[in-house]
Peer 1: 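Structure in structure tokens, see below.
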Amino acid sequence: MESILNILNQINDALWGYVIIAALIGCGLWFTWRTRFVQFRMVGEMLRLLTDSSVKPQGSEKHISSFQAFAVSLASRVGTGNLAGVATAIAVGGPGAVFWMWVMALVGSATAFVESTLGQLFKQHHKDSYIGGPAYYIQRGLHCHWMAVLFAVLITVSFGLANNSVQTNTICGAMEGAFGWNPMATGVVLAVLTLIIVFGGIQRIAKVSSVLVPVMAVGYFVLAIVVIIMNIQQVPHVLAVIIKSAFGIEQAVGGTLGAAIMNGVKRGLFSNEAGEGSAPNAAATAAVSHPVKQGLIQALGVFTDTLVVCSCTAFIILISGLYTSPELNGIMLTQAALESEVGSWGPTFIAIAIFLFAYSSMIGNYYYGEANVRFMTQSRTAMTTYRLLSGGAMVLFGAWTTLEVVWSMIDLCMALLTACNLVAIALLGKYVFRLLDDYRSQKRQGIKDPTFQRSKLPEIVNDIECWE
């Protein structure tokens, strides 16, 4: 196992050190410029659209609402990355990693807007809802079947399988630290609960996510604000440490500038998923009157995840000062930091929070894999096998294996998945720019709820299934 882990780490260092970081930042800056800073200029519209109800279900239709699609994607985003991932980034890369997580969120939200708008544009009808994602817009937009299948395989392995192991590993670690529960026993319970949800389909996943996500995010945010207020005098020092460490001016815990950037970008991507190609799968399920609407909402999801939830964890850890302890890492560091600020009930609260965060991520991750398994095959046997692997076998594997193994697995999957998706959205982004111009034009004309018909893109009208 150790030799396999070393090989994975070497491959990850090569990919993340030279290719993925440059591609993520480059695409993010390009999309920010071409959309005229959409992630900053249209924040008000993003918030308004959370309650958008311009599309009403008809007859037997059971469309997913714009907010429910937002909740499914946020359920996947808000999870282990926010509590354990941030702690790992700080432990390995120093406080400066937090700054680079912020940078990735500000720049990456434009990328999230582009990919999710494409997910809506090329979505397809599926029973009583919609289905879509990068595999679908690669197939219909680029007419590249092998690349679409490659993406479908990568995201199924990454989110449906490997990512769920990370979530399970973190939940088991938190429960063992807070209550002394056996990891395998916890894993069995998680597997049963997950299988109950995933066999219910997107409707049940959307309903569970739309309840769990707001409750857990607000509760954790309130606790973090209380901790920050209790230590308000330390906030200027914490901000100074983050900035100094980010640019190598003052290195904490022996970190380097490269380590801060690499870990900030990796953990930032794991948390907010901007550019990874995961959120478009959820974005495509929403019934909206214009593709841009869901693109804007998914861009808001990146801000919510990283600038709010991840920052909460970062401030709790940095205020405690425990990030310099070499024996603490991952969820254990977050638990210890909160215990030092609020007392012995801190680890218990984190254990409950990580259960809600990571469990919602598990069911959101499962759906990403389901959408792509359906792209590759309509076989019921294949779908049942995937459900058992995602909700059962990989959950138990995460309970059994180590923290280092699951993080190395997911880092490799993220790198390959992101590379594939960035190529696709860089080539298809021109359609998003035109859609955004159309949306803004209608808003300037006083139209409250802009609409879109596929005839507005005549050169690809035959490639667009919906939007009659």
Peer 1: Any side-chain heavy-atom pair from N281 and I155 closer than 4.5 angstrom?
Peer 2: yes

Peer 1: Rounded to the nearest 0.5 Å, what's the gap from OG on S165 to CG on L396? Could you check?
Peer 2: 9.5 Å

Peer 1: List the atom of G133, the atom of A284, and the distance in Å for their closest heavy-atom pair.
Peer 2: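 For G133 and A284, the tightest heavy-atom pair comes out as N-CB, 4.1 Å.
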
Peer 1: What is the distance from atom CG of L24 to atom CD of E276, rounded to the nearest 0.5 Å?
Peer 2: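 Taking CG in L24 and CD in E276, the distance rounds to 9.0 Å.
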
Peer 1: Which word best sums up how the rings of Y130 and H125 line up, parallel for under 30°, tilted for 30 to 60°, or perpendicular for over 60°?
Peer 2: tilted

Peer 1: Could you grab the distance from atom CD1 of I138 to atom CG of L118, nearest 0.5 Å is fine?
Peer 2: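 The CD1 atom of I138 sits 10.0 Å away from the CG atom of L118.
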
Peer 1: Counting distance only, does the side-chain N/O of K123 pair as donor-acceptor with the main-chain N or O of A286 below 3.5 Å?
Peer 2: yes

Peer 1: Can you list the steps and then say if V107 with F31 is a side chain to side chain contact (heavy atoms under 4.5 Å, CB included)?
Peer 2: CA-CA 9 Å; V107 174; F31 291 139; over 6 Å; no

Peer 1: Under the salt bridge (charged side-chain N to carboxylate O under 4.0 Å, His left out) rule, what pairs show up with a residue in residues 391-402, not counting sequence neighbours?
Peer 2: none

Peer 1: With a 4.5 Å limit on heavy-atom distance, are the side chains of Q39 and L106 in contact?
Peer 2: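 Answer no - side chains too far apart.
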
Peer 1: Can you name the nearest heavy-atom pair linking A314 to I90, along with the distance?
Peer 2: CA-CD1, 4.1 Å

Peer 1: Examine distances only and state if a side-chain atom of E115 and a backbone atom of G277 form a donor-acceptor pair shorter than 3.5 Å.
Peer 2: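 Yes, because the side chain of E115 sits within donor-acceptor range (under 3.5 Å) of the backbone of G277.
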
Peer 1: Spell out, as yes or no, whether a donor-acceptor pair under 3.5 Å connects the side chain of Y386 to the backbone of Y366.
Peer 2: yes

Peer 1: Do the side chains of T111 and W30 get nearer than 4.5 Å, heavy atoms only?
Peer 2: no

Peer 1: Determine whether a donor-acceptor pair (N or O, by modelled atom type, separation under 3.5 Å) exists between the side chain of Q294 and the backbone of S116.
Peer 2: no

Peer 1: Check A152 against N372 and note the closest heavy-atom contact, atom names and distance.
Peer 2: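 It is CA-OD1, 3.6 Å.
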
Peer 1: Report yes if the side chains of D463 and H143 come closer than 4.5 Å at any heavy-atom pair, otherwise no.
Peer 2: yes

Peer 1: Would L150 and L154 satisfy side chain to side chain contact (heavy atoms under 4.5 Å, CB included), going step by step from the backbone distance to the final call?
Peer 2: CA-CA 6 Å; L150 173 63; L154 287 173; 4.0 Å; yes

Peer 1: What verdict does the side chain to side chain contact (heavy atoms under 4.5 Å, CB included) test give for T156 and M376, after you've listed the backbone C-alpha separation in whole Å, the side-chain angles of each residue and the deciding distance to 0.1 Å?
Peer 2: CA-CA 11 Å; T156 301; M376 293 182 284; 4.0 Å; yes

Peer 1: Is any NZ, NE, NH1 or NH2 atom of the basic residue among E370 and R387 found under 4.0 Å from an Asp or Glu carboxylate oxygen of the other?
Peer 2: yes

Peer 1: Could you tell me the separation between the CG atom of L436 and the OG1 atom of T117, rounded to the nearest 0.5 Å?
Peer 2: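 Atom-to-atom, L436:CG and T117:OG1 are 8.0 Å apart.
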
Peer 1: Measure from the side-chain N and O atoms of W467 to the backbone N and O of Q120, and report whether any donor-acceptor pair falls under 3.5 Å.
Peer 2: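 Here the side-chain-to-backbone pair exists.
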
Peer 1: Got a second to check how far L190's CG is from I171's CD1, nearest 0.5 Å?
Peer 2: 4.5 Å

Peer 1: Please check this pair: side chain of T384 against backbone of T381, looking for a donor-acceptor N/O pair closer than 3.5 Å.
Peer 2: no

Peer 1: Would you say that L417 contacts N421 through its side chain, given a criterion of any heavy-atom pair below 4.5 Å between the two side chains?
Peer 2: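 Sidechains of N421 and L417: no contact.
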
Peer 1: How long is the gap from OG on S379 to CZ on R374, to the nearest 0.5 Å?
Peer 2: 10.5 Å

Peer 1: In terms of side-chain geometry, is the basic nitrogen of K430 or E459 positioned less than 4.0 Å from the acidic oxygen of its partner?
Peer 2: no

Peer 1: Would a 4.5 Å heavy-atom cut-off, applied to side chains only, mark N462 and R454 as touching?
Peer 2: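 In short, these two side chains do not touch, never coming nearer than 4.5 Å.
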
Peer 1: For R140 versus I464, what's the shortest heavy-atom pair and its separation?
Peer 2: NH1-N, 4.4 Å

Peer 1: Mind listing the closest non-hydrogen atom pair of F452 and P291 along with its distance?
Peer 2: CB-CD, 3.7 Å

Peer 1: F113 vs L296, test: side chain to side chain contact (heavy atoms under 4.5 Å, CB included). Steps then yes/no.
Peer 2: CA-CA 6 Å; F113 166 77; L296 291 172; 3.9 Å; yes

Peer 1: Looking at side-chain heavy atoms only, is the closest gap between Q442 and D438 below 4.5 Å?
Peer 2: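 Side chain of Q442 against side chain of D438, heavy atoms only: contact under 4.5 Å found.
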
Peer 1: Keeping the roles fixed (side chain from S289, backbone from P450), state whether a donor-acceptor pair exists under 3.5 Å.
Peer 2: yes

Peer 1: Under 3.5 Å, side chain of Y137 to main-chain N/O of A424, donor-acceptor pair present?
Peer 2: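 Not at all, since once roles are kept as given, no pair shorter than 3.5 Å links the two residues.
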
Peer 1: Heavy-atom distance under 4.5 Å between the side chains of L300 and S109, does that happen here?
Peer 2: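 Sidechains of S109 and L300: no contact.
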
Peer 1: Name all residues meeting the ring pair (Phe, Tyr, Trp, His ring centres under 6.0 Å) criterion together with Y439; count only those two or more places apart in sequence or in a different chain, and write none if there are none.
Peer 2: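 Partners of Y439 under the ring pair (Phe, Tyr, Trp, His ring centres under 6.0 Å) test: H290.
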
Peer 1: Over all heavy atoms of both residues, which pair between A105 and L307 is shortest? Give the atoms and the distance, please.
Peer 2: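 Minimum heavy-atom separation between A105 and L307: CB-CD2, 4.1 Å.
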
Peer 1: With sequence neighbours left out, write down each residue that passes ring pair (Phe, Tyr, Trp, His ring centres under 6.0 Å) with F122, or none if nothing qualifies.
Peer 2: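 Not a single residue meets the ring pair (Phe, Tyr, Trp, His ring centres under 6.0 Å) criterion with F122.
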
Peer 1: Which of these, K443, R36, K456, sits in a salt bridge (Lys or Arg N to Asp or Glu O under 4.0 Å) with D437?
Peer 2: R36

